[in-house]
Amino acid sequence: MSADPTPPPAWHGDVRRARDEQATLATRVRLRDDFPRPLRTLAGFDVGFEDSGAITRAAAVLLDAATLAPLATRVARLPTTMPYIPGLLSFRELPALITALRALPATPDLCFIDGHGIAHPRRLGIAAHFGIVSGLPSLGVAKKKLVGKHAELHEMRGAFTPLRDTSKGLPGEQIGWALRSKPGCLPLFVSPGHRVSMASAPELVMQFVTRYRLPEPTRLADRLASRRGAMPACDSAALADAGLPMTPLATEE
DNA sequence: GCGACAG
DNA sequence: ATCTTGTCGC
(Lines give C-alpha, C1' and ligand atoms only; values in the text may rest on other atoms or scores of the structure.)
Protein backbone atom coordinates (compact mmCIF):
# COMPACT_ATOMS: atom_id res chain seq x y z
CA MET A 1 0.00 0.00 0.00
CA SER A 2 1.29 3.44 -0.90
CA ALA A 3 0.27 6.74 0.63
CA ASP A 4 -1.91 9.19 -1.27
CA PRO A 5 0.53 10.78 -3.76
CA THR A 6 -1.24 14.12 -3.54
CA PRO A 7 -2.98 14.99 -0.27
CA PRO A 8 -5.87 17.44 -0.15
CA PRO A 9 -4.63 21.00 0.44
CA ALA A 10 -3.99 22.11 4.01
CA TRP A 11 -4.45 25.72 5.01
CA HIS A 12 -1.66 27.12 7.16
CA GLY A 13 -2.77 30.72 7.17
CA ASP A 14 -0.08 31.71 4.70
CA VAL A 15 -1.33 33.12 1.41
CA ARG A 16 2.08 33.19 -0.25
CA ARG A 17 2.77 29.58 0.67
CA ALA A 18 -0.61 28.51 -0.70
CA ARG A 19 0.09 30.31 -3.98
CA ASP A 20 3.46 28.61 -4.29
CA GLU A 21 1.82 25.25 -3.75
CA GLN A 22 -0.67 26.02 -6.52
CA ALA A 23 2.10 26.95 -8.93
CA THR A 24 3.87 23.69 -8.20
CA LEU A 25 0.78 21.53 -8.58
CA ALA A 26 -0.23 23.32 -11.78
CA THR A 27 2.88 21.77 -13.29
CA ARG A 28 1.24 18.37 -13.09
CA VAL A 29 -1.98 19.29 -14.90
CA ARG A 30 -2.38 17.34 -18.14
CA LEU A 31 -4.50 18.90 -20.88
CA ARG A 32 -4.93 15.82 -23.07
CA ASP A 33 -8.20 13.93 -23.29
CA ASP A 34 -7.68 10.84 -21.18
CA PHE A 35 -11.00 9.30 -20.21
CA PRO A 36 -13.10 6.36 -21.47
CA ARG A 37 -15.02 6.76 -24.71
CA PRO A 38 -17.89 6.55 -24.62
CA LEU A 39 -18.26 7.94 -21.11
CA ARG A 40 -20.03 5.56 -18.76
CA THR A 41 -20.43 7.62 -15.62
CA LEU A 42 -20.14 11.28 -14.67
CA ALA A 43 -20.12 13.02 -11.34
CA GLY A 44 -21.05 16.56 -10.38
CA PHE A 45 -19.63 18.37 -7.34
CA ASP A 46 -20.53 21.55 -5.49
CA VAL A 47 -20.25 23.09 -2.04
CA GLY A 48 -22.68 24.89 0.24
CA PHE A 49 -22.52 26.03 3.85
CA GLU A 50 -24.46 25.49 7.07
CA ASP A 51 -24.49 27.23 10.42
CA SER A 52 -23.64 30.63 8.98
CA GLY A 53 -20.58 29.14 7.33
CA ALA A 54 -19.25 27.10 10.23
CA ILE A 55 -19.87 23.87 8.34
CA THR A 56 -18.73 23.19 4.76
CA ARG A 57 -21.16 20.93 2.98
CA ALA A 58 -19.91 19.15 -0.17
CA ALA A 59 -22.27 17.30 -2.49
CA ALA A 60 -21.41 14.63 -5.05
CA VAL A 61 -23.84 13.17 -7.57
CA LEU A 62 -22.97 10.14 -9.73
CA LEU A 63 -24.87 9.92 -13.02
CA ASP A 64 -25.25 7.51 -15.91
CA ALA A 65 -23.65 9.34 -18.85
CA ALA A 66 -26.04 7.79 -21.36
CA THR A 67 -29.33 8.57 -19.62
CA LEU A 68 -28.31 11.28 -17.12
CA ALA A 69 -30.12 9.24 -14.48
CA PRO A 70 -28.75 9.82 -10.96
CA LEU A 71 -27.06 6.65 -9.70
CA ALA A 72 -26.03 7.84 -6.26
CA THR A 73 -25.66 10.98 -4.15
CA ARG A 74 -23.40 11.76 -1.19
CA VAL A 75 -22.99 14.70 1.16
CA ALA A 76 -19.90 15.37 3.29
CA ARG A 77 -19.87 17.90 6.13
CA LEU A 78 -16.61 19.25 7.53
CA PRO A 79 -15.84 22.16 9.84
CA THR A 80 -14.94 25.25 7.79
CA THR A 81 -11.26 26.08 8.33
CA MET A 82 -10.61 29.24 6.38
CA PRO A 83 -12.39 32.24 4.85
CA TYR A 84 -13.06 32.69 1.16
CA ILE A 85 -10.05 34.26 -0.55
CA PRO A 86 -10.27 34.86 -4.33
CA GLY A 87 -7.78 32.53 -6.01
CA LEU A 88 -7.50 30.18 -3.03
CA LEU A 89 -10.95 28.62 -3.19
CA SER A 90 -9.67 25.05 -3.37
CA PHE A 91 -7.93 25.33 0.02
CA ARG A 92 -11.31 26.08 1.52
CA GLU A 93 -13.53 23.62 -0.35
CA LEU A 94 -11.42 20.74 -1.65
CA PRO A 95 -11.13 18.72 1.58
CA ALA A 96 -14.91 18.36 1.74
CA LEU A 97 -15.21 17.63 -1.98
CA ILE A 98 -12.61 14.85 -1.84
CA THR A 99 -14.41 13.36 1.15
CA ALA A 100 -17.65 13.26 -0.86
CA LEU A 101 -15.84 11.75 -3.85
CA ARG A 102 -14.42 8.92 -1.74
CA ALA A 103 -17.89 8.16 -0.42
CA LEU A 104 -19.31 7.45 -3.88
CA PRO A 105 -20.01 3.76 -4.65
CA ALA A 106 -18.00 3.94 -7.88
CA THR A 107 -15.24 6.00 -9.48
CA PRO A 108 -16.66 8.40 -12.12
CA ASP A 109 -15.14 8.57 -15.61
CA LEU A 110 -15.31 12.38 -15.62
CA CYS A 111 -15.87 14.94 -12.86
CA PHE A 112 -17.71 18.26 -13.31
CA ILE A 113 -16.74 20.80 -10.66
CA ASP A 114 -18.58 24.03 -9.80
CA GLY A 115 -15.76 26.54 -10.25
CA HIS A 116 -12.82 27.08 -12.62
CA GLY A 117 -10.33 24.57 -13.99
CA ILE A 118 -7.19 26.24 -15.37
CA ALA A 119 -8.94 29.60 -15.85
CA HIS A 120 -7.06 30.78 -12.77
CA PRO A 121 -4.14 33.17 -12.05
CA ARG A 122 -1.77 30.24 -11.54
CA ARG A 123 -3.73 27.76 -13.66
CA LEU A 124 -4.97 25.77 -10.70
CA GLY A 125 -8.61 26.56 -10.06
CA ILE A 126 -10.54 24.15 -7.85
CA ALA A 127 -11.44 21.81 -10.74
CA ALA A 128 -7.78 21.42 -11.75
CA HIS A 129 -6.73 20.98 -8.13
CA PHE A 130 -9.47 18.38 -7.70
CA GLY A 131 -8.13 16.50 -10.72
CA ILE A 132 -4.55 16.46 -9.45
CA VAL A 133 -5.50 15.35 -5.95
CA SER A 134 -7.93 12.65 -7.13
CA GLY A 135 -6.06 11.71 -10.28
CA LEU A 136 -9.38 11.73 -12.14
CA PRO A 137 -10.38 13.54 -15.36
CA SER A 138 -12.05 16.83 -14.39
CA LEU A 139 -13.33 20.08 -15.82
CA GLY A 140 -14.55 23.35 -14.35
CA VAL A 141 -17.97 24.93 -14.87
CA ALA A 142 -18.13 28.41 -13.31
CA LYS A 143 -20.99 30.91 -13.30
CA LYS A 144 -18.70 33.93 -13.10
CA LYS A 145 -15.18 34.60 -14.33
CA LEU A 146 -12.23 34.94 -12.02
CA VAL A 147 -9.71 36.20 -14.56
CA GLY A 148 -9.54 36.74 -18.31
CA LYS A 149 -11.30 38.55 -21.12
CA HIS A 150 -13.46 37.34 -23.99
CA ALA A 151 -15.14 38.74 -27.11
CA GLU A 152 -18.89 39.22 -27.30
CA LEU A 153 -20.76 35.98 -27.39
CA HIS A 154 -23.45 35.03 -29.90
CA GLU A 155 -26.92 34.54 -28.45
CA MET A 156 -27.38 31.10 -29.94
CA ARG A 157 -27.44 28.08 -27.67
CA GLY A 158 -24.08 26.33 -27.66
CA ALA A 159 -22.07 29.34 -28.90
CA PHE A 160 -18.65 29.74 -27.30
CA THR A 161 -15.64 32.05 -27.53
CA PRO A 162 -12.14 31.88 -26.00
CA LEU A 163 -11.44 33.25 -22.52
CA ARG A 164 -7.85 34.52 -22.46
CA ASP A 165 -5.52 35.79 -19.78
CA THR A 166 -4.46 39.20 -21.07
CA SER A 167 -2.59 40.18 -17.91
CA LYS A 168 0.73 39.63 -19.68
CA GLY A 169 -0.08 41.27 -22.98
CA LEU A 170 -2.22 40.52 -26.00
CA PRO A 171 -3.56 38.32 -27.30
CA GLY A 172 -2.90 36.35 -24.15
CA GLU A 173 -3.04 32.58 -23.71
CA GLN A 174 -6.37 30.84 -23.80
CA ILE A 175 -7.40 29.59 -20.37
CA GLY A 176 -10.95 28.51 -21.09
CA TRP A 177 -14.19 29.42 -22.84
CA ALA A 178 -17.28 31.59 -22.32
CA LEU A 179 -20.17 29.28 -23.25
CA ARG A 180 -23.80 30.18 -23.98
CA SER A 181 -25.36 27.06 -22.52
CA LYS A 182 -28.83 28.62 -22.67
CA PRO A 183 -30.25 31.53 -24.75
CA GLY A 184 -31.11 34.61 -22.76
CA CYS A 185 -28.83 33.60 -19.90
CA LEU A 186 -25.40 34.82 -18.85
CA PRO A 187 -22.64 32.59 -20.21
CA LEU A 188 -20.89 29.84 -18.30
CA PHE A 189 -17.10 29.81 -17.99
CA VAL A 190 -15.74 26.41 -18.88
CA SER A 191 -12.14 25.29 -18.60
CA PRO A 192 -10.19 22.00 -18.50
CA GLY A 193 -9.33 20.66 -15.09
CA HIS A 194 -7.13 17.58 -15.53
CA ARG A 195 -6.88 14.97 -18.31
CA VAL A 196 -9.33 16.97 -20.46
CA SER A 197 -8.35 19.11 -23.47
CA MET A 198 -9.22 22.74 -24.11
CA ALA A 199 -10.99 21.80 -27.34
CA SER A 200 -13.20 19.17 -25.73
CA ALA A 201 -14.38 21.17 -22.74
CA PRO A 202 -17.29 23.04 -24.40
CA GLU A 203 -18.60 19.91 -26.07
CA LEU A 204 -18.35 17.85 -22.92
CA VAL A 205 -20.45 20.43 -21.13
CA MET A 206 -23.06 20.96 -23.84
CA GLN A 207 -23.45 17.21 -24.18
CA PHE A 208 -25.03 17.21 -20.72
CA VAL A 209 -27.00 20.46 -20.76
CA THR A 210 -30.75 19.90 -20.99
CA ARG A 211 -33.21 22.75 -20.36
CA TYR A 212 -31.22 24.66 -17.76
CA ARG A 213 -28.15 26.88 -17.76
CA LEU A 214 -26.05 24.36 -15.86
CA PRO A 215 -25.13 20.90 -17.15
CA GLU A 216 -26.89 18.10 -15.19
CA PRO A 217 -23.91 16.95 -13.11
CA THR A 218 -23.32 20.40 -11.66
CA ARG A 219 -26.99 21.38 -11.56
CA LEU A 220 -27.90 18.40 -9.41
CA ALA A 221 -24.90 18.76 -7.12
CA ASP A 222 -25.82 22.43 -6.75
CA ARG A 223 -29.29 21.61 -5.47
CA LEU A 224 -28.00 18.99 -3.09
CA ALA A 225 -25.26 21.22 -1.69
CA SER A 226 -27.70 24.08 -1.18
CA ARG A 227 -30.37 21.74 0.21
CA ARG A 228 -32.95 22.92 -2.29
CA GLY A 229 -35.49 21.01 -4.35
CA ALA A 230 -35.49 17.22 -4.38
CA MET A 231 -33.08 14.85 -6.03
CA PRO A 232 -34.63 12.57 -8.66
CA ALA A 233 -34.71 9.02 -7.33
CA CYS A 234 -31.47 7.11 -7.85
CA ASP A 235 -31.69 4.16 -10.21
CA SER A 236 -30.31 1.10 -8.42
CA ALA A 237 -30.89 -1.11 -11.44
CA ALA A 238 -28.76 1.19 -13.57
CA LEU A 239 -26.04 1.19 -10.94
CA ALA A 240 -26.00 -2.60 -11.08
CA ASP A 241 -26.05 -2.56 -14.88
CA ALA A 242 -23.02 -0.33 -14.88
CA GLY A 243 -21.23 -3.24 -13.28
CA LEU A 244 -20.76 -1.26 -10.10
CA PRO A 245 -20.71 -2.49 -6.49
CA MET A 246 -24.08 -3.42 -5.01
CA THR A 247 -23.71 -0.72 -2.43
CA PRO A 248 -26.95 0.43 -0.82
CA LEU A 249 -27.88 3.68 -2.51
CA ALA A 250 -28.22 5.63 0.69
CA THR A 251 -29.27 9.08 -0.40
CA GLU A 252 -28.30 11.49 2.30
CA GLU A 253 -30.61 14.32 3.38
C1' DG B 1 -3.92 54.68 -6.21
C1' DC B 2 -8.08 52.32 -8.63
C1' DG B 3 -10.68 48.22 -10.07
C1' DA B 4 -11.44 43.03 -10.14
C1' DC B 5 -12.32 39.43 -7.34
C1' DA B 6 -14.64 31.35 -8.67
C1' DG B 7 -17.65 30.11 -4.14
C1' DA C 1 -21.61 31.09 -0.64
C1' DT C 2 -25.80 33.24 2.12
C1' DC C 3 -29.68 36.51 3.55
C1' DT C 4 -34.75 37.16 0.82
C1' DT C 5 -40.21 39.29 -2.33
C1' DG C 6 -41.67 40.49 -5.89
C1' DT C 7 -41.12 40.84 -10.70
C1' DC C 8 -39.87 40.64 -15.73
C1' DG C 9 -39.90 37.73 -19.91
C1' DC C 10 -40.45 33.55 -22.77
Side-chain angles (χ1 to χ4, degrees), chain A residues 8-9 11 15 18-19 22 25-26 29 44-60 75-100 111-133 138-150 155-157 163-168 172 175-194 201 205 210-215 217-229:
Chain A
W11 176 241
V15 172
R19 288 178 177 158
Q22 293 182 319
L25 290 175
V29 169
F45 298 83
D46 189 24
V47 169
F49 295 88
E50 301 176 8
D51 298 296
S52 303
I55 298 297
T56 298
R57 175 195 172 90
V75 171
R77 297 184 183 70
L78 275 67
T80 301
T81 61
M82 73 173 277
Y84 164 67
I85 298 176
L88 298 184
L89 181 66
S90 60
F91 283 78
R92 173 174 159 88
E93 306 186 343
L94 206 47
L97 288 176
I98 294 300
T99 298
C111 302
F112 287 62
I113 316 296
D114 188 300
H116 294 285
I118 62 170
H120 176 278
R122 290 164 294 283
R123 309 294 180 266
L124 197 83
I126 191 165
H129 202 158
F130 179 103
I132 292 301
V133 171
S138 66
L139 72 81
V141 181
K143 295 180 286 298
K144 296 188 297 187
K145 75 179 179 68
L146 173 59
V147 293
K149 298 292 183 185
H150 67 83
E155 199 53 52
M156 172 185 270
R157 173 197 151 102
L163 174 67
R164 354 185 73 99
D165 181 350
T166 59
S167 66
K168 295 176 181 173
I175 56 178
W177 306 89
L179 170 68
R180 186 80 70 188
S181 57
K182 177 178 179 177
C185 285
L186 291 173
L188 244 34
F189 294 91
V190 179
S191 58
H194 185 48
V205 171
T210 60
R211 60 180 303 195
Y212 308 94
R213 179 162 82 123
L214 299 177
T218 291
R219 189 179 75 80
L220 295 178
D222 221 71
R223 304 185 56 169
L224 188 55
S226 301
R227 28 173 56 187
R228 280 174 290 157

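A note on names: the letters A, B, ... follow the listed sequences, proteins ahead of strands, and every chain is numbered from 1.
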List the steps, then state whether side chain to side chain contact (heavy atoms under 4.5 Å, CB included) holds for A:Met156 with A:Arg180.
-> CA-CA 7 Å; A:Met156 172 185 270; A:Arg180 186 80 70 188; over 6 Å; no

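- Using the six-membered ring where Trp is involved, A:Phe189 and A:His116 have ring planes that are tilted, between 30° and 60° apart.
- Under the ring-ring contact (aromatic ring centres under 6.0 Å, His included) criterion, A:His120 pairs with no residue, sequence neighbours left out.
- Checked against salt bridge (charged side-chain N to carboxylate O under 4.0 Å, His left out), A:Arg223 has no partners two or more places apart in sequence or in another chain.
- Between the side chain of A:Thr166 and the backbone N or O of A:Gly172, no donor-acceptor pair lies under 3.5 Å.
- Nearest approach of A:Ser191 to A:Gly176, heavy atoms of both residues: CB-CA, 4.0 Å.
- Screening residues 117-130 of chain A for salt bridge (Lys or Arg N to Asp or Glu O under 4.0 Å), with sequence neighbours left out, gives A:Arg123-A:Asp165, A:Arg123-A:Glu173.
- Here A:Arg211 pairs with nothing under the salt bridge (charged side-chain N to carboxylate O under 4.0 Å, His left out) rule; sequence neighbours left out.
- Under the ring-ring contact (aromatic ring centres under 6.0 Å, His included) criterion, A:Phe49 pairs with no residue at all, not counting sequence neighbours.
- Of the residues in residues 113-128 of chain A, those placing a heavy atom less than 4.0 Å from an atom of DNA chain B are A:Asp114, A:His116, A:His120, A:Gly125, A:Ile126, in numerical order.
- Under the 30°/60° scheme for interplanar angles, the aromatic rings of A:Phe91 and A:Trp11 are found to stand perpendicular.
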Parsed dot-bracket for DNA chain B after applying the Watson-Crick and G-U rules with both distances under 3.5 Å and | for other-strand partners is .......

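- Applying the salt bridge (Lys or Arg N to Asp or Glu O under 4.0 Å) test to pairs two or more places apart or on separate chains, those with a residue in residues 139-149 of chain A are A:Asp114-A:Lys143.
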Contact list (N/O, under 3.5 angstrom) for nucleotides 1-5 of chain B vs protein:
{"from": "B:dC5", "atom 1": "OP1", "to": "A:Lys145", "atom 2": "NZ", "distance (Å)": "3.3"}

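- Checking side-chain atoms of A:Arg213 against main-chain N and O of A:Pro183 turns up no donor-acceptor pair under 3.5 Å.
- The phosphate of B:dG7 has OP1 or OP2 within less than 4.0 Å of a side-chain N or O from A:Lys143.
- Look at CZ on A:Arg92: it is 13 Å from P on B:dG7, rounded to the nearest Å.
- No contact: A:Ser52 has no heavy atom under 4.0 Å from any strand.
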Map every base of DNA chain C to its dot-bracket character, where paired means a Watson-Crick or G-U wobble contact with both distances under 3.5 Å and | marks a partner outside the strand.
-> ..........

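- Nucleotides of DNA chain C that come within less than 4.0 Å of any heavy atom of chain A span, from the 5' end to the 3' end, C:dA1 to C:dT2.
- In this structure, the side chain of A:Arg57 does not engage the main chain of A:Ser226 through any donor-acceptor pair within 3.5 Å.
- Residue pairs meeting the salt bridge (Lys or Arg N to Asp or Glu O under 4.0 Å) criterion with at least one partner in residues 80-95 of chain A, sequence neighbours excluded, are absent.
- A:Gly87 comes within 4.0 angstrom of a nucleotide base, judged by non-hydrogen atoms across all strands.
- In this structure, NE2 on A:His150 lies 10.5 Å from CD1 on A:Ile175, to the nearest 0.5 angstrom.
- Distance, A:Leu89 CG to B:dG7 C1': 5 Å, rounded to whole Å.
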Would A:Arg19 and A:Leu88 satisfy side chain to side chain contact (heavy atoms under 4.5 Å, CB included), going step by step from the backbone distance to the final call?
-> CA-CA 8 Å; A:Arg19 288 178 177 158; A:Leu88 298 184; 4.2 Å; yes

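- Atoms CG (A:Leu88) and P (B:dA6) sit 12 Å apart, rounded to a whole Å.
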